Amino acid sequence: MTEKIWKPIMAQHVFVVHGNYLYLQKLKEMGFKTFNNYFDESYDLEQDPNKRIDKIVSLCADLKQKNWQDIYLQTKALRQHNYDTMFDKEKLSLEINKTINLFLEFADSGQVSS
């Protein structure tokens, strides 16, 4: 995960993610909420990258037909939750520690080439 997801969360934007399989699921595991109650996020469950992008394009076409102001107003609490989660120092510290531990486990496994 990169700044490409953190920026819209910090700006309290609605987002659709073109990421790896189960990217949204990982966000949820980290305590964030996604917009599955407002639009179809089944693209996250698609393992085939070509089919996943087709689903994302279709979703974007559908969203283009909707009233973005309504979606924005309806998702205010969800977007605020994500913003608050992003800046929760305790949760952030836990996620950083998890990431560092995963890296150290990988490094200790001998899979890192010098």
Side-chain angles (χ1 to χ4, degrees):
M1 295 188 178
T2 68
E3 81 285 352
K4 289 175 181 67
I5 190 62
W6 305 132
K7 285 180 181 180
I9 288 173
M10 288 187 292
Q12 297 189 34
H13 289 178
V14 175
F15 55 80
V16 174
V17 178
H18 177 219
N20 293 327
Y21 171 64
L22 298 180
Y23 191 97
L24 296 177
Q25 182 61 40
K26 178 63 178 165
L27 279 176
K28 291 175 186 177
E29 289 169 8
M30 295 170 68
F32 294 97
K33 295 181 180 180
T34 65
F35 300 92
N36 58 317
N37 289 333
Y38 303 95
F39 50 81
D40 181 15
E41 291 183 333
S42 65
Y43 65 87
D44 192 50
L45 304 174
E46 182 54 63
Q47 292 184 15
D48 181 301
N50 292 321
K51 290 179 182 176
R52 186 169 43 256
I53 192 66
D54 287 344
K55 285 186 165 198
I56 291 169
V57 168
S58 178
L59 169 60
C60 290
D62 289 345
L63 287 173
K64 188 176 174 184
Q65 302 303 314
K66 295 189 182 217
N67 184 326
W68 66 267
Q69 292 102 334
D70 288 346
I71 293 172
Y72 195 76
L73 290 172
Q74 292 168 2
T75 60
K76 183 176 183 186
L78 186 156
R79 292 180 290 106
Q80 184 67 50
H81 166 85
N82 286 344
Y83 178 87
D84 294 342
T85 299
M86 179 76 190
F87 291 103
D88 182 322
K89 289 181 183 179
E90 186 176 320
K91 286 183 182 180
L92 185 59
S93 178
L94 286 172
E95 287 304 319
I96 290 169
N97 287 336
K98 278 189 210 175
T99 301
I100 290 170
N101 286 334
L102 283 173
F103 174 76
L104 292 174
E105 288 174 18
F106 180 72
D108 287 344
S109 72
Q111 296 182 29
V112 177
S113 59
S114 305

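In what follows, residues are counted from 1 in the order of the sequence shown. Small disclaimer: the values here were computed from a predicted structure and weren't measured. Computation of the quantities below employed the complete heavy-atom set of this structure, encompassing side-chain atoms and omitting hydrogens, waters and symmetry-equivalent molecules.
Here ring pair (Phe, Tyr, Trp, His ring centres under 6.0 Å) pairs that include residues 38-79, with residues two or more places apart or in two chains, are F35-F39. Here side chain to side chain donor-acceptor pair (under 3.5 Å) pairs that include residues 3-13, with residues two or more places apart or in two chains, number zero. Every pair passing ring pair (Phe, Tyr, Trp, His ring centres under 6.0 Å) that includes a residue from residues 77-99 is listed here, sequence neighbours excluded: Y83-F87.
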Could you list the donor-acceptor pairs under 3.5 angstrom formed by side chains in residues 46-59, with sequence neighbours left out?
| from | atom 1 | to | atom 2 | distance (Å) |
| --- | --- | --- | --- | --- |
| E46 | OE2 | D48 | N | 3.1 |
| Q47 | NE2 | Y21 | OH | 3.2 |
| D48 | OD1 | N50 | N | 2.8 |
| D48 | OD1 | K51 | N | 3.0 |
| R52 | NE | G19 | O | 3.0 |
| R52 | NH1 | E46 | O | 2.3 |

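Note that the CG atom of L78 and the OG1 atom of T34 stand 7.5 Å from one another [nearest 0.5 Å]. Here the OG1-NZ distance, from T85 to K33, works out to 8.0 Å after rounding to the nearest 0.5 Å. Summarising the geometry, atom CG belonging to L24 is positioned 8.5 Å from atom CG belonging to L45; distances are rounded to the nearest 0.5 Å. In this structure, NZ in K26 is found 13.5 Å from CD1 in I5, a value given to the nearest 0.5 Å.
Residues meeting the side chain to side chain contact (heavy atoms under 4.5 Å, CB included) test with D70, sequence neighbours left out: N67, Q74. Residues satisfying the side chain to side chain contact (heavy atoms under 4.5 Å, CB included) criterion with Q25, sequence neighbours excluded, are L22, K28, E29, D44. By the side chain to side chain contact (heavy atoms under 4.5 Å, CB included) test, I100 is found to be paired with I96, L104, residues two or more places apart in sequence or in another chain being considered. Considering only residues two or more places apart in sequence or on other chains, K66 meets the side chain to side chain contact (heavy atoms under 4.5 Å, CB included) condition with L63, I71. Partners of D62 under the side-chain hydrogen bond (donor to acceptor under 3.5 Å, both in side chains) rule, at least two apart in sequence or in another chain, do not exist in this structure.
Inspection of the D84 and Q80 side chains reveals an N or O donor paired with an N or O acceptor under 3.5 Å.
Hydrophobic clustering of Ile, Leu, Val, Met, Phe, Trp and Tyr side chains at less than 4.5 Å, counting indirect connections, unites M10 with F15.
You'll find the side chain of M86 reaches within 4.5 Å of the side chain of F32, heavy atoms only.
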